[in-house]
Amino acid sequence: MSDSSELAGSAAVGEGIAHNARVWNYWLGGKDYYQVDRVVGDRVTGMYPSIREVARADRRFLGRAVRYLAGEAGVRQFLDIGTGLPTVHNTHEVAQEIAPQARIVYVDNDPVVLLHARALLTSSLEGATDYVDADARDPERILRAAAGTLDLSRPVGLILLGILNFVPDTEEATAVVRTLLAALPSGSHLVLTHPTLELGGEANAEAMEFWNAHATPPIVARGREDVARFFDGLELLEPGIVSCSRWRAGSGADEEPEVAQFGAVGRKP
């Protein structure tokens, strides 16, 4: 486990403060992170050893949800907010494998993510992929920019994976979701994950305190009731709000470890 002197040394050499997009990339086994991200990531892992499995379960949930939307639900447009750094099985790759004409807009505001955006800006010939540099707390700006690629009069898969936990005020986070959904038509879906201190995640409290002192943006966990508020007015798909590792994981669900990250999908009627 790294100590505080290594944290200070990382910042001193110009790598700045650890950022979620880069630390998450480190936990997923990627290469796009700085020393300070590795140091903070290792400290968090020391306090909360299952965090790497949370990251992997979150990514697998994304694949299952997008496959459902592009397949059974027939959704052909996706707005992925807080996408982070490109890694394997990105939204456009999963969606366009099923529906080559699918159109995807990614949204993030980390400079390193922006530098790597060209890796996301690949698409099938029939579809389209775009990137918007914007903050999740500015839904109006996101919608204006996304309208250049997406037809917002047709159903959209709105993806908010591990992003609302960086909006500390629950009322503000709920307002962001409502503003986004209000602009989307019937048949649109909300795909969401959120960390929690439930589902055996109590040990994550100390790790979150450390994160908020040494990394950005600050994070907050929420319980099931608060997460349920994000789905007000939507038809919550089975199995409802569950550990993201257990959402439609198939016959092997019992073998998947339950992680302290809620996952759910809802349809706008």
Side-chain angles (χ1 to χ4, degrees), residues 24 27-29 50-84 87-104 106 155-165 177 180-181 184-201 204 221-269:
W24 199 256
W27 284 331
L28 285 171
S50 63
I51 187 61
R52 289 182 184 271
E53 186 52 43
V54 170
R56 296 182 182 115
D58 190 87
R59 175 60 49 163
R60 291 192 292 266
F61 167 84
L62 171 66
R64 294 194 300 274
V66 173
R67 279 192 291 273
Y68 166 78
L69 293 187
E72 186 175 338
V75 174
R76 296 294 178 262
Q77 303 186 111
F78 297 84
L79 179 56
D80 188 340
I81 301 175
T83 179
T87 181
V88 295
H89 308 307
N90 298 293
T91 299
H92 73 283
E93 295 169 327
V94 177
Q96 291 182 347
E97 182 178 357
I98 297 171
Q101 70 273 37
R103 305 175 73 84
I104 297 89
Y106 291 102
V156 173
L158 173 61
I159 300 174
L160 297 171
L161 264 61
I163 185 65
L164 294 176
N165 39 281
V177 176
L180 291 166
L181 286 172
L184 306 180
S186 173
S188 294
H189 289 69
L190 171 62
V191 179
L192 182 147
T193 61
H194 199 294
T196 182
L197 299 183
E198 300 173 12
L199 304 176
N204 199 17
R222 289 188 171 93
R224 185 183 300 271
E225 289 186 7
D226 283 336
V227 172
R229 290 179 59 187
F230 299 133
F231 291 90
D232 283 350
L234 303 182
E235 299 169 350
L236 198 60
L237 274 58
E238 292 293 338
I241 301 171
V242 296
S243 171
C244 65
S245 64
R246 300 290 176 86
W247 192 89
R248 301 199 177 189
S251 59
D254 292 338
E255 300 174 6
E256 288 275 340
E258 184 175 70
V259 298
Q261 180 100 326
F262 284 123
V265 179
R267 180 184 182 276
K268 183 174 181 177

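The shown structure was predicted, so the numbers you read here are calculated from the model rather than taken from an experiment.
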### Task
Measure the CD-CD distance between Gln101 and Gln96 for me, rounded to the nearest 0.5 Å.
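With rounding to 0.5 Å, CD (Gln101) is 9.0 Å from CD (Gln96).
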### Straight-line distance of Arg59 CZ to Leu28 CG, nearest 0.5 Å
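Rounded to the nearest 0.5 Å, the CZ-CG separation comes to 6.5 Å.
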### Salt-bridge contact Arg60-Glu53 (side-chain N to carboxylate O under 4.0 Å)
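Glu53 and Arg60: salt-bridged.
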### Query
Can you tell me if Ser188 uses its side chain to pair, donor with acceptor, with the backbone of Gly157 under 3.5 Å?
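Not confirmed, Ser188 side chain does not pair with Gly157 backbone.
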### Task
Mark yes or no for whether Glu93, through its side chain, and Asn90, through its backbone, hold a donor-acceptor pair below 3.5 Å.
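Yes, because the side chain of Glu93 sits within donor-acceptor range (under 3.5 Å) of the backbone of Asn90.
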### Geometric cation-pi criterion Arg248 and Tyr68, 6.0 Å radius, 45° cone
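Arg248 over Tyr68 ring: yes.
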Smallest separation among heavy atoms of [X] and [Y], with atom names:
X: Leu199; Y: Val259; result: CD1-O, 3.6 Å
X: Glu238; Y: Trp247; result: O-NE1, 3.9 Å
X: Asn165; Y: Thr193; result: OD1-O, 4.5 Å
X: Glu258; Y: Ser243; result: CG-CB, 3.4 Å
X: Phe78; Y: Ala95; result: CE1-CB, 3.6 Å
X: Ser245; Y: Pro257; result: OG-O, 2.8 Å

### Check against side chain to side chain contact (heavy atoms under 4.5 Å, CB included), Leu197 and Asn204
CA-CA 7 Å; Leu197 299 183; Asn204 199 17; 4.0 Å; yes
#### Entry: Ring center gap for His92 and Tyr106 short of 6.0 angstrom
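Between Tyr106 and His92, which both carry aromatic rings, the centre distance is below 6.0 Å.
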### Task
Dump the intermediate steps for side chain to side chain contact (heavy atoms under 4.5 Å, CB included) on His189 and Val75, then the final yes or no.
CA-CA 9 Å; His189 289 69; Val75 174; 3.9 Å; yes
### Task
Kindly determine whether Leu192 and Leu161 satisfy side chain to side chain contact (heavy atoms under 4.5 Å, CB included), including the steps that lead there.
CA-CA 5 Å; Leu192 182 147; Leu161 264 61; 5.9 Å; no
### Query
Is there a side chain to side chain contact (heavy atoms under 4.5 Å, CB included) between His194 and Cys244 once you walk through the steps?
CA-CA 9 Å; His194 199 294; Cys244 65; over 6 Å; no
